[in-house]
Amino acid sequence: MTDLSVQIGDLSLRNPILTASGTFGYASEYETMVDFSKIGGVITKGISPEPRLGNPQPRIWETESGLINAIGLDNVGVKDFELSKLDYLREINCAVVVNFFAESTEGYATLAHTLGAMVGVDALEANISCPNVKSGGREFGVDPAAAADVTRASREATNCPLIVKLSPDVSNIGEIASAVADAGADAITVANSIPAMAIDIDSRRPRLSFGRGGLTGPAVRPIVTRLVYESAQATNIPIIASGGASSWRDVVEFMLAGASAVQAGTVNFVNPRASVEMAEGLETYCRQNGINSLEQLVGAVNMP
Amino acid sequence: MTDLSVQIGDLSLRNPILTASGTFGYASEYETMVDFSKIGGVITKGISPEPRLGNPQPRIWETESGLINAIGLDNVGVKDFELSKLDYLREINCAVVVNFFAESTEGYATLAHTLGAMVGVDALEANISCPNVKSGGREFGVDPAAAADVTRASREATNCPLIVKLSPDVSNIGEIASAVADAGADAITVANSIPAMAIDIDSRRPRLSFGRGGLTGPAVRPIVTRLVYESAQATNIPIIASGGASSWRDVVEFMLAGASAVQAGTVNFVNPRASVEMAEGLETYCRQNGINSLEQLVGAVNMP
Amino acid sequence: MPALSRIPLEAVEEAGGGCLRLVCAPASIVAPIPGQFYMVRGPWEADPLLPRPFSIARFRTVKDEQVQLEFLLRIVGRGTRLLGTAHAGIELDVLGPLGNGFEQPPGDSAWMVAGGIGIAPFPALTDAIATSKRTLSLLVGARTEAEIPGFVDFETNLTGGVEIATDDGSAGFAGTVVDLLASRLQRATEARPSQIYVCGPHPMLEAAAAVCAGAGIPCSVSLEAPMGCGMGTCRGCVIQTFQDTNFTVCTEGPVTDANVIWSSKPAP
Amino acid sequence: MPALSRIPLEAVEEAGGGCLRLVCAPASIVAPIPGQFYMVRGPWEADPLLPRPFSIARFRTVKDEQVQLEFLLRIVGRGTRLLGTAHAGIELDVLGPLGNGFEQPPGDSAWMVAGGIGIAPFPALTDAIATSKRTLSLLVGARTEAEIPGFVDFETNLTGGVEIATDDGSAGFAGTVVDLLASRLQRATEARPSQIYVCGPHPMLEAAAAVCAGAGIPCSVSLEAPMGCGMGTCRGCVIQTFQDTNFTVCTEGPVTDANVIWSSKPAP
Ligand SMILES: Cc1cc2nc3c(=O)[nH]c(=O)nc-3n(C[C@H](O)[C@H](O)[C@H](O)COP(=O)(O)OP(=O)(O)OC[C@H]3O[C@@H](n4cnc5c(N)ncnc54)[C@H](O)[C@@H]3O)c2cc1C
Ligand SMILES: Cc1cc2nc3c(=O)[nH]c(=O)nc-3n(C[C@H](O)[C@H](O)[C@H](O)COP(=O)(O)OP(=O)(O)OC[C@H]3O[C@@H](n4cnc5c(N)ncnc54)[C@H](O)[C@@H]3O)c2cc1C
Ligand SMILES: Cc1cc2nc3c(=O)[nH]c(=O)nc-3n(C[C@H](O)[C@H](O)[C@H](O)COP(=O)(O)O)c2cc1C
Ligand SMILES: Cc1cc2nc3c(=O)[nH]c(=O)nc-3n(C[C@H](O)[C@H](O)[C@H](O)COP(=O)(O)O)c2cc1C
Ligand code: FES
Ligand code: FES
């Protein structure tokens, strides 16, 4: 059997398929659908220092092959996460990555410290790129110095493997990727949803209560593939692709572009079993093509 | 009848529908399909100082609700444009905008001077954002100072109305928009195609010979709508939306976000009559909704 | 326990009032509870992307414990248009049953109040209540006569009768179905129902809930909200209750007691 | 003069070798020239986005000067899959006729050489040449017998006969159809054709062109390239000729003399 395992800092994954933050709840929701032992890991909904209700309706709007969301980081908060969600996550047979965000550099550090110390948390993913909240998030993700600061502060606060999730709407993602790598990130996720907007021409109001939102789904995959490629050219730390992956073919494509792992996000809504199907498809593909180690795939695109 | 006319600097358009550069050839190709007197204007394929063959095959690849192209600015060059294309364009009953690009600031200025002096050319659109060529193009479009330089140089070289076409892959398009406005542009086009990439997992080569390409079509519209909105917040010069418009509804949506005119691009391939249908649909919409002047639409979105 | 099944479409039929009946082939799946819903997607490419939520309109168990699902739908946008032009033989991806369904009424009689396509869950509810020999009435409203959805042969079980309301007065009561509800509750001749079930657009539910609260009759509503996942994960369907808490329509609803969402104090 | 027409699909049929016949309803459109093509799109949403190019496989003029178009297609990807599962009654957007078609052969006999679905334009070409009483042969190749496309009832006009080549030797000549062409040209018994028409994948066209050039027989190829617009504007289909000039397949082709694209000097 092909070895699909992936090492990201101190985090070991059985295979490179992770479920993306905000698209897989706290895992228990998919218990009847997903055999967790078939995927690499789950990434939780973004956790904040305090619980958040999120934005009012409407929060999602579908566009051509894409989805715009402005959920507003509706989450249970770190306290309730530990009390009511972590027990379940501890028991599932795959890696558990906790996505988190705060409104200040110190906030990130405090939360990284708290979450990183929880038994059952295998890695942290710092969301420095959420387009859907008024403060915190995206402003850290578009400036290399700010991104490095948040990374460094979080890094110093915990020994837990640290993934930093970047913004896609930058002209030079390589610059941010290497700033974050230098500041101590074990890996980067490329990328969060792409800031977007849709307007109801009848009411003349945005389709989402928040105004803007983040675009995800197959529509954005070609853009994210390019961002993954550019990030891989700029840094040596592992890259986790996130944006539009819908099948094992897309997983292979992202890996060829330079990703070591791939997140299944919006596709979970289209097909809740997608993550397992992606992992199984990847395995079959590797077996049929004589690929013994994923290193033979990562970054193996032949550019002209 | 509703007055759909639009004024962009000294350029008068009968209505706000323009055909996008590179998707409408030199207009004569659509003679049997499009009644030019029903649309605002046509924008030619990008013209360069010398003729260009463009990139080898493959040049286009379809993605979910999108198209990636790396044509490589295949065009007849300015000399042959004047000799063999301009006579036809002079005769058609709508505005003629010539898209152009060069490899240096001086190159832009020289070409702006030459093209701007040609009888029959109603406006120029400077492409400072093409992702599909090795030099020239995009590097001007992601840096406010460089964008301003090219704009200023072109502005000083001609009195012809000057539109500058921006890059979408920037974190702060407003900054570039206002730099270009201050440098003398009459209008900006928001935006060119979004840098993207697709890989053939069998050959492990990019789907396009050039490696990367630009993503267009409905997939990108929500991103471009947001960019139009942000540009409109940052500058007072007219904005021309370009990216994914497929129906008159999309035209209204772009106008609500802040666009004064809208380009029909990839949709011409889906339906060569799309530009006329968009103009007709807009007229009906305005008539049915008691809109006497497009000023009632432009930027009229109610943000939260 | 929701499951994801690929089920061939057996028939697509006009159901009156511009609505369509989608009948699935019998499949080895668990039976739903009336009021539960499914996320449904046809075999198209990535646009439209997401499955669409539909209430179970009717279901029956056929030979070999196979369950046959039936949906009633109104064409309003891109996804329903494609489903409406689908032909027998294509395969649907059907995720469900999802959410919470209706409970049996506490007493002998119950009313169902439908706004337009809000009638969808009521044939199944009627089937379930009819077995318990209760008196059941249906109040159904639409903008105009032509838009009144078909009744899919469940009238026979509507022992309490059917009343129609049209906004334009083209058929039955002239006014909204909530106006009809209020006026019927005031009619002296009418026995008061032990439970009122309401399904329709959000503002109609709120109005009906207020009428029921005023009359002191338990009101069970089936909520609608834009849905991404149907499983509680995307948080797209979450609404805020009068107590400023989140209510996840797909998992805590779609059916819920109205006073969970709106203050049960009657409007002043 | 290309036009954009919305034409109902009258029938979808298996045509052998895994190919399908799409028959359009008669429409008031101009008749194409064999070898021309159409950009075809079904009534789906924005994915797949672009119409797909298909050669006119056959056409006939029916009563009231209506023209009935027929396409032959192989399912290879997303767009052809959707077209293949389309059902009679749906409407297709059909843009064409586009590009340049075949010319009549200069002499009395001609051969048609098809690689797989490259057979598509030849029924129409056969119809057109058959009226002029010339001798016509078809050479058709596929990887294996099961993939040989059907002949759509035009064998009767193939007065020169049909020869088959399969890569795996499962039927007819063992080898590629270009090998078959070369070997047939060398058979002493065979009358040399005045014109050879070739349709198939690009490398096959190039190989066939070299064989024809070696034999000194005019060779007309129908080129394939990814197409966006079919009208010469997107520049997606442009290939470079041996003279380093651009050749726009959709408007200068798809049919062209082979020596416009490849040097007519036979391979050394
Ligand atoms: C729990 C639940 C159960 C349901 N049960 C049923 C049922 O049994 N039967 C049924 O018919 N429906 C039911 N619905 C509603 C149904 O899910 C929606 O009608 C359906 O999802 C619409 O999908 P669509 O793709 O056709 O519309 P979309 O194209 O996705 O549009 C979504 C909504 O936006 C509106 N819209 C679309 N485009 C525009 C535009 N350009 N401008 C303004 N508005 C626009 C549409 O009218 C539609 O209401 C249910 C919903 C829920 C949440
Ligand atoms: C002038 C002209 C005439 C033609 N006439 C005919 C005709 O008469 N009959 C006919 O059947 N065809 C014809 N073709 C070819 C036909 O246009 C293509 O087969 C069709 O466009 C494929 O569309 P699709 O959506 O099914 O494939 P797509 O999904 O768009 O794929 C395009 C190509 O890429 C390949 N591909 C798709 N996905 C992948 C992947 N993941 N990895 C690797 N490769 C992939 C496919 O095999 C296909 O060849 C013609 C082409 C031209 C240019
Ligand atoms: C409904 C929704 C909620 C999301 N919530 C979060 C979140 O809480 N934190 C985060 O970092 N990313 C969040 N994301 C982004 C996803 O994790 C992922 O990066 C993005 O959706 C792109 O991948 P996809 O196209 O596969 O969905 C969310 C995305 C969606 C669609
Ligand atoms: C095939 C193709 C060729 C293009 N060529 C040019 C060009 O020469 N110059 C330019 O400025 N933009 C060019 N563009 C970009 C378009 O003008 C337009 O900005 C873009 O396609 C986005 O709009 P759309 O989504 O409506 O197509 C090209 C786009 C396509 C698809
Ligand atoms: S639909 Fe996703 S949480 Fe309810
Ligand atoms: S297909 Fe667009 S130029 Fe030929």
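Chain naming here is simple, since letters A, B, ... match the order of the sequence lines and numbering starts at 1 in each. Values reported hereafter were calculated over all heavy atoms of this structure, with side chains retained and with hydrogens, waters and symmetry mates removed.
- With chain C as partner, the option from A:F24, A:W61, A:Y30 having the largest number of non-hydrogen pairs under 4.5 angstrom is A:Y30.
- Taking CE of C:M231 as the start and CD of A:E31 as the end, the distance is 10.0 Å to the nearest 0.5 Å.
- Atom CG of A:N55 and atom CD of C:Q240 lie 9.0 Å apart (nearest 0.5 Å).
- Residue contact with chain A, scored on non-hydrogen atoms closer than 4.5 Å, involves the backbone of C:M227 exclusively.
- Shown here is C:R78, whose CZ atom has more than 12 heavy atoms of other residues, nucleotides or ligands within 6.0 Å.
- Taking all atoms of both residues into account, the shortest heavy-atom contact from C:T233 to A:F269 is OG1-CE2, 3.8 Å.
- Under a cut-off of 6.0 angstrom, the local environment of CD in A:E50 is sparse, with at most 12 non-hydrogen atoms contributed by other residues, nucleotides or ligands.
- Closest of all the heavy-atom pairs between A:N271 and C:L4 is OD1-CD2, 3.2 Å.
- In terms of heavy atoms, A:I71 sits closest to C:C234 at CD1-O, 3.2 Å.
- Within a 6.0 Å sphere centred on CZ of C:R6, other residues, nucleotides and ligands contribute 12 heavy atoms or fewer.
- Neither the backbone nor the side chain of A:S246 comes within contact range of chain C; no heavy atom of the residue lies under 4.5 Å from a heavy atom of that chain.
- The two atoms that bring A:Q57 and C:V238 nearest to each other are NE2-O, 2.8 Å, heavy atoms only.
- Dense packing is recorded around CZ of C:R60, with more than 12 heavy atoms of other residues, nucleotides or ligands lying under 6.0 Å away.
- The environment of C:E103 atom CD is sparse: at most 12 non-hydrogen atoms of other residues, nucleotides or ligands sit within 6.0 angstrom.
- By the 4.5 Å heavy-atom criterion applied to side chains, A:D74 and C:N246 are counted as neighbours.
- Of all residues in residues 41-57 of chain C, those placing a non-hydrogen atom less than 4.5 angstrom from a non-hydrogen atom of chain A are C:R41, C:A46, C:D47, C:P48, C:L49, C:L50, C:P51, C:R52.
- Taking every heavy atom of both residues into account, C:G232 and A:E29 meet most closely at O-OE2, 4.2 Å.
- Near-neighbour residues of residues 32-46 of chain A relative to chain C, defined by a heavy atom under 4.5 Å from a heavy atom of that chain, comprise A:T32, A:M33.
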